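This chain uses plain numbering: 1 for the first residue, then up along the sequence. Here the structure is a predicted model, which is why all the values come from computation and not from measurement.
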Amino acid sequence: MSELHVTPEPAGVPVLEVRGLAAGYGSVTVVRDLDVSLSAGQVLAILGPNGAGKTTVMTTLAGLLPRIAGKVLVDGKPLPNARPGAANKAGLVLVADDRALFTGLSVKENLQIAHKPGGPDLDATMELFPALKKRLKVSAGAISGGEQQMLAVARALVQRPQVLLIDEMSMGLAPVIVEELLPVVRRIADDTGAVVVLVEQHVHLALDVADESLVIVHGDVRLRGSAAELAAHPEWLEAAYLGETEPASA
Ligand SMILES: Nc1ncnc2c1ncn2[C@@H]1O[C@H](COP(=O)(O)OP(=O)(O)OP(=O)(O)O)[C@@H](O)[C@H]1O
């Protein structure tokens with residue numbers, strides 16, 4: 001592994017800690033040696049080209065795919081391997097790239113089904129998504145792609161996540177909609193203290209709202225640093241995406 005930049009780990013017990021994670025399918029390892037340490041309210045953007053292993057990381061963190069190696073800890077407590085229910089109970093909530101809504105149910109019913117005790121009520125949730133408020137009685141299958149993505153995030157929010165994993169929020173959406181949605185994710189992290197891990201193809205939009213960022217290429221972390229630093233060095237990003245081990249100007 002050749003990382004170009006390393007951010008110091010935050011002090012105290014991290015809300016999400018990933019140590020030496022290897023993930024893949026059966027005997028095929030797709031992602032290796034992933035370490036992450038995030039404190040309350042931090043947003044991490046996971047970037048990288050198609051097929052790099054980003055979704056594999058998210059699915060593995062959520063316990064839907066068994067870890068090949070490594071540990072995942074929430075609030076210092078290790079999660080059992082491949083137990084999505086236990087991961088969810090520990091406060092980890094995945095917004096998958098297919099959104100996985102109950103399309104035959106209304107927007108409101110989708111939220112009611114997901115709601116957990118202590119989670120924000122409908123009014124508080126709709127404050128973040130005013131466009132969705134007007135669509136509460138409409139079936140989730142009949143709202144726009146942007147509204148469906150809002151609903152997918154809102155449905156995660158009412159579960160009171162400690163760790164919110166959002167995989168390719170922008171899938172199938174116009175950049176202008178992504179530009180509206182990403183600041184809401186930032187606000188969720190700021191207001192609730194949830195850690196947010198974001199996989200995103202719109203690199204610069206993601207860096208605008210993230211605190212930290214890492215770039216995965218062919219399953220290895222090639223670049224890591226504060227989001228502001230990476231945004232200020234597009235040449236580092238370009239070098240990492242192209243698979244170069246040294247940035248031109250670092
Ligand atoms: N169910 C699966 N079985 C076997 N291999 C898989 C499976 N899903 C993904 N892969 C492989 O794992 C690798 C990483 O895929 P992954 O979907 O994690 O990448 P990604 O970075 O999320 O890509 P994208 O940005 O295109 O979504 C790819 O080589 C892919 O072919």
Side-chain angles (χ1 to χ4, degrees), residues 1-21 23 31-58 61 70 72-73 95 153 162-170 175-176 178-250:
M1 180 178 73
S2 53
E3 289 186 23
L4 301 182
H5 208 83
V6 175
T7 305
E9 293 197 355
V13 177
V15 173
L16 175 66
E17 192 175 10
V18 178
R19 294 227 171 265
L21 182 73
V31 176
R32 290 158 289 273
D33 292 329
L34 180 69
D35 294 316
V36 169
S37 184
L38 295 165
S39 308
Q42 281 197 304
V43 178
L44 168 72
I46 298 185
L47 309 172
N50 291 124
K54 305 180 298 294
T55 293
T56 303
V57 169
M58 300 296 256
L61 291 180
V72 179
L73 300 95
V95 179
V153 176
Q162 285 227 72
V163 178
L164 180 56
L165 307 170
I166 306 182
D167 193 3
E168 292 217 32
M169 168 126 129
S170 58
V176 65
V178 185
E179 253 174 272
E180 276 175 34
L181 281 173
L182 282 172
V184 176
V185 170
R186 174 78 257 174
R187 202 175 143 197
I188 290 172
D190 290 341
D191 290 359
T192 71
V195 155
V196 179
V197 180
L198 201 62
V199 163
E200 191 45 68
Q201 292 291 354
H202 291 88
V203 172
H204 292 284
L205 294 180
L207 291 176
D208 273 353
V209 301
D211 300 296
E212 301 293 327
S213 179
L214 55 84
V215 180
I216 299 180
V217 182
H218 293 312
D220 292 316
V221 177
R222 288 286 168 81
L223 179 63
R224 173 193 287 264
S226 80
E229 202 171 16
L230 263 56
H233 291 282
E235 72 282 7
W236 294 1
L237 286 164
E238 196 182 332
Y241 269 70
L242 291 174
E244 294 169 15
T245 53
E246 296 294 333
S249 62

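Side-chain contact between Ile216 and Ile46: present, with at least one pair of heavy atoms (C-beta onward) separated by less than 4.5 Å. Using a 4.5 Å heavy-atom cutoff, the side chains of His233 and Glu238 are not in contact. Contact check for Val36 versus Glu17: no side-chain heavy atoms found under the 4.5 Å cut-off. Here the side chains of Val197 and Leu38 are in contact, with some heavy-atom distance below 4.5 Å. Put simply, the side chain of Asp208 does not reach to within 4.5 Å of the side chain of Leu182, judged on heavy atoms.
Counting all heavy atoms, side chain and backbone alike, Tyr241 lies closest to Val215 at CE1-CG1, 3.9 Å. Heavy-atom minimum distance, Val153 versus Val95: CA-CG2, 4.3 Å. Taking every heavy atom of both residues into account, Ala206 and Leu47 meet most closely at CB-CD2, 4.2 Å. Taking all atoms of both residues into account, the shortest heavy-atom contact from Leu230 to Leu237 is O-CD1, 3.6 Å. Residue Leu34 comes nearest to Val18 through the heavy atom pair O-CG1, 3.5 Å, listed as atom of the first residue, atom of the second, then distance. The two residues Gly20 and Asp35 come nearest to each other via the heavy atoms N-OD1, 2.6 Å.
With rounding to the nearest 0.5 Å, the separation of CG in Leu242 from CD in Glu235 is 12.5 Å. Expressed to the nearest 0.5 Å, how far CD of Glu229 lies from CD of Glu212 amounts to 9.0 Å. Distance CG/Leu44 to CG/Asp211: 9.0 Å, rounded to 0.5 Å. Between the CZ atom in Arg19 and the CG atom in Leu73 there is a gap of 8.0 Å [rounded to 0.5 Å]. The CE atom of Met169 lies 6.5 Å from the CG atom of Leu198; values are rounded to the nearest 0.5 Å. Taking OG of Ser213 as the start and CD of Glu200 as the end, the distance is 11.0 Å to the nearest 0.5 Å.
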Assess whether side-chain contact (heavy atoms from CB on, under 4.5 Å) is satisfied between Val163 and Val15, documenting all intermediate values. CA-CA 8 Å; Val163 178; Val15 173; 4.0 Å; yes

Evaluation steps, side-chain contact (heavy atoms from CB on, under 4.5 Å), between Ile166 and Val196: CA-CA 7 Å; Ile166 306 182; Val196 179; 4.3 Å; yes

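Between Arg32 and Asp220, at least one side-chain N (NZ, or NE/NH1/NH2) sits under 4.0 Å from a carboxylate O, which counts as a salt bridge.
Put simply, the side chain of Lys54 never gets that close to the backbone of Gln201: no donor and acceptor are under 3.5 Å apart. Of the possible donor and acceptor atoms, one in the side chain of Arg186 sits under 3.5 Å from a partner among the backbone N and O of Val209.
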